[in-house]
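In what follows, a structure is listed as structure tokens, so that the remarks can point back to it.
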Amino acid sequence: MALLLYGMPGTGKSEFVYYAGNALGKEVLLKRSSDIQSKWVGDTEKNIARAFEEAQESGSILFFDEADTFLFPRAEAQRSWEISHTNEILTQLESFKGIVFFATNDMEGLDHAALRRFKFKIEFRPLTPEGNLSLYNTLLKGLASDELAEEETRIIKGIKNLTPGDFAVVKDQALFMEPSSIAHRMLIAALANDVKYMKGAKGMGF
């Protein structure tokens with residue numbers, strides 16, 4: 001079974017693969033572009049084949065992160081290796097008996113003809129307003145030294161394009177702050193700024 005996970009950074013695509021591995025009692029064999037690509041002619045294709053063989057022999061879930069670096073659009077290819085890399089992936093998918101995930105932040109950067117090879121194409125979207133508040137209460141609320149005001153709750157729910165990754169970043173930032181100085185307005189501003197810088201959204205002033 002081949003599955004494609006797509007969506008903006010921080011939405012939890014990689015985490016989902018490891019969740020699936022834990023649920024199925026299988027190890028996850030992660031392969032990034034740096035693990036596969038080689039400057040030597042033919043070596044990248046060999047590395048792709050070895051990745052599938054390793055996953056098949058070990059019974060692991062095979063996970064290709066940054067799928068747009070593996071499934072280059074053949075119609076736009078200017079070099080022969082751009083076509084051969086994609087062809088090798090598709091050839092291996094035909095005979096692979098296990099589970100393989102591909103994840104990408106750039107759906108348009110994939111070979112469109114290859115998309116039919118994936119039984120499931122799953123989009124990971126930003127959090128809903130209720131999701132914003134739920135993650136805030138779970139990860140950040142306890143870090144603040146003041147009480148969360150009703151207006152601040154409204155602002156949290158109104159921030160667009162927040163992802164779980166944004167909350168993780170702000171939580172890590174808080175580790176470098178004096179605990180007694182952390183206020184909800186600071187945490188909320190940090191969330192809004194992370195969205196602004198990472199996703200090009202309009203920031204929020206306080």
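A quick note: this is a predicted structure, and the numbers were derived from the prediction, not measured. If you read the sequence from its start, that first residue is 1, and numbering goes on from there.
What you find for A183 and A144 is that their closest heavy atoms are C-CB, 4.1 Å. Taking each heavy atom of S181 and M186 in turn, the nearest pair found is O-SD, 3.1 Å. Nearest heavy-atom pair, S145 versus S180, reported as atom, atom and distance to 0.1 Å: OG-O, 3.2 Å.
Ring geometry for F101 versus F63: interplanar angle over 60°, hence perpendicular rather than tilted (30 to 60°).
Taking the six-membered ring for Trp, F124 and Y6 have ring centres at least 6.0 Å apart. Close placement of the F118 and F102 rings is indicated, their centers lying within 6.0 Å of each other.
In this structure a side-chain-to-backbone donor-acceptor pair under 3.5 Å is missing from N22 to Y18. Remark: the backbone N or O of E130 is not paired with any side-chain donor or acceptor of S134 at under 3.5 angstrom. Under a 3.5 Å cut-off, the side chain of E88 and the backbone N or O of H85 do not form any donor-acceptor pair. Without hydrogens or angle criteria, K121 side chain to L115 main chain gives a donor-acceptor distance under 3.5 Å. A donor-acceptor contact shorter than 3.5 Å links the side chain of R117 to the backbone of L90. Remark: side-chain polar atoms of D172 are not paired, donor with acceptor, to backbone N or O of V169 under 3.5 angstrom.
Atom NZ in K157 sits 8.0 Å away from atom OG1 in T153 (nearest 0.5 Å). Here S58 contributes atom OG and E27 contributes atom CD; the two are 8.5 Å apart, rounded to the nearest 0.5 Å. With rounding to the nearest 0.5 angstrom, the CG atom of D106 is 7.0 Å from the CD atom of E108. Taken to the nearest 0.5 Å, the CG atom of L187 stands 12.5 Å off from the NZ atom of K141. With rounding to the nearest 0.5 angstrom, the CG atom of N161 is 9.5 Å from the CG atom of N132. The distance from atom CG of L93 to atom CE of M1, rounded to the nearest 0.5 Å, is 13.0 Å.
With contacts defined as side-chain heavy-atom distances shorter than 4.5 Å, the pair L162/P126 does not qualify. With contacts defined as side-chain heavy-atom distances shorter than 4.5 Å, the pair P179/L143 does not qualify. Counting heavy atoms from C-beta on, the side chains of L127 and T11 never come closer than 4.5 Å. Residues I48 and Q92 form a side-chain contact, since some pair of their non-hydrogen atoms from C-beta on lies under 4.5 Å apart. Between K31 and E54 there is a side-chain heavy-atom pair separated by less than 4.5 Å. The side-chain heavy atoms of L110 and T104, taken from C-beta on, include a pair separated by under 4.5 Å. For the pair V195/L191, no side-chain contact is recorded, criterion being any heavy-atom separation below 4.5 Å from C-beta on. Between V28 and S60 the shortest side-chain heavy-atom distance does not fall below 4.5 Å.
Side-chain heavy atoms closer than 4.5 Å link hydrophobic residues (I, L, V, M, F, W, Y) into clusters, and following such links, even through other members, never connects L24 to L62. Taken together through direct or relayed side-chain contacts under 4.5 Å among Ile, Leu, Val, Met, Phe, Trp and Tyr, V170 and M177 form part of one hydrophobic cluster. Under the 4.5 Å side-chain contact rule for hydrophobic residues, L5 and M8 do not share a cluster. Residue Y19 is not grouped with residue V100 when hydrophobic side chains (ILVMFWY) are merged at heavy-atom distances under 4.5 angstrom, including chains of intermediate members. Linking ILVMFWY residues whenever their side-chain heavy atoms come closer than 4.5 Å, directly or via other members, places L4 and L29 in the same cluster.
Every residue was checked against the salt bridge (Lys or Arg N to Asp or Glu O under 4.0 Å) condition with R32, not counting sequence neighbours, and none meets it. Considering only residues two or more places apart in sequence or on other chains, E57 meets the side chain to side chain contact (heavy atoms under 4.5 Å, CB included) condition with none of them.
A salt bridge is absent between E53 and R50; no separation between the charged side-chain nitrogens and carboxylate oxygens falls under 4.0 Å.
More than 12 non-hydrogen atoms from other residues, nucleotides or ligands lie less than 6.0 angstrom from CD of Q173. Around CD of E147, the count of heavy atoms belonging to other residues, nucleotides or ligands within 6.0 Å does not exceed 12.
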